[in-house]
Amino acid sequence: MKMRIYKLSIVVATLLFITGCGPSAVVVHTRPAPPVYARPIAPGPNYVWIDGEWLHRGRHYTYRKGYWAPPRARYHQYMGGHWQQRRSGWYWVPGHWN
């Protein structure tokens with residue numbers, strides 16, 4: 001009997017650990033508007049503008065302004081992030097090099 005309880009507790013602990021390690025998204029009820037700011041001049045002819053991103057910090061999002069970056073080898077373009085709607089609200093899908 002004690003062995004069954006022990007095995008069951010290990011299974012439950014493992015399941016809780018695995019579900020806590022999965023990717024998480026911070027969901028908001030209304031998507032925030034990005035702040036307005038002037039885009040600086042490009043530092044060089046081949047630089048790519050990376051749009052601002054929303055980063056989740058704890059239970060909320062903070063905005064990181066856009067910036068110029070040199071192109072990455074073997075990538076064609078930068079795909080900016082965007083808001084995506086779910087049943088429970090909006091969440092941010094980060095940008096990436098494509």
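Taking NE2 of His82 as the start and OH of Tyr91 as the end, the distance is 7.0 Å to the nearest 0.5 Å. With values rounded to the nearest 0.5 angstrom, Arg74 atom CZ is found 11.0 Å from Arg72 atom CZ. Note: Trp92 CH2 to His56 NE2 = 12.5 Å, rounded to the nearest 0.5 Å. How far CG of Leu55 is from NE2 of His60: 10.5 Å, rounded to the nearest 0.5 Å. Note that CG of Asn98 and CE of Met79 are 5.5 Å apart. Values are rounded to the nearest 0.5 Å.
Other residues, nucleotides and ligands place no more than 12 heavy atoms under 6.0 Å from the NE2 atom of His29. For OH of Tyr75, the number of neighbouring non-hydrogen atoms (other residues, nucleotides, ligands) closer than 6.0 Å is 12 at most.
Residues Asn46 and Pro71 come closest through the heavy atom pair O-CD, 3.1 Å. Heavy-atom minimum distance, Trp54 versus Ala33: CZ2-O, 3.6 Å.
In this structure, the side chain of Glu53 does not engage the main chain of Pro94 through any donor-acceptor pair within 3.5 Å. Using modelled atom types, one side-chain atom of Tyr37 and one backbone atom of Gly66 make a donor-acceptor pair closer than 3.5 Å. Within the 3.5 Å criterion, the main-chain N or O of Gly44 finds no donor-acceptor partner in the side chain of Trp68.
By the rule that hydrophobic residues join a cluster once side-chain heavy atoms approach within less than 4.5 Å of another member, Trp90 and Val93 end up as members of one cluster.
Ring planes of Trp97 and Tyr78: perpendicular class, angle over 60° (limits at 30 and 60°). By the 30° and 60° cut-offs, the orientation of the rings of Tyr61 relative to Trp83 is perpendicular.
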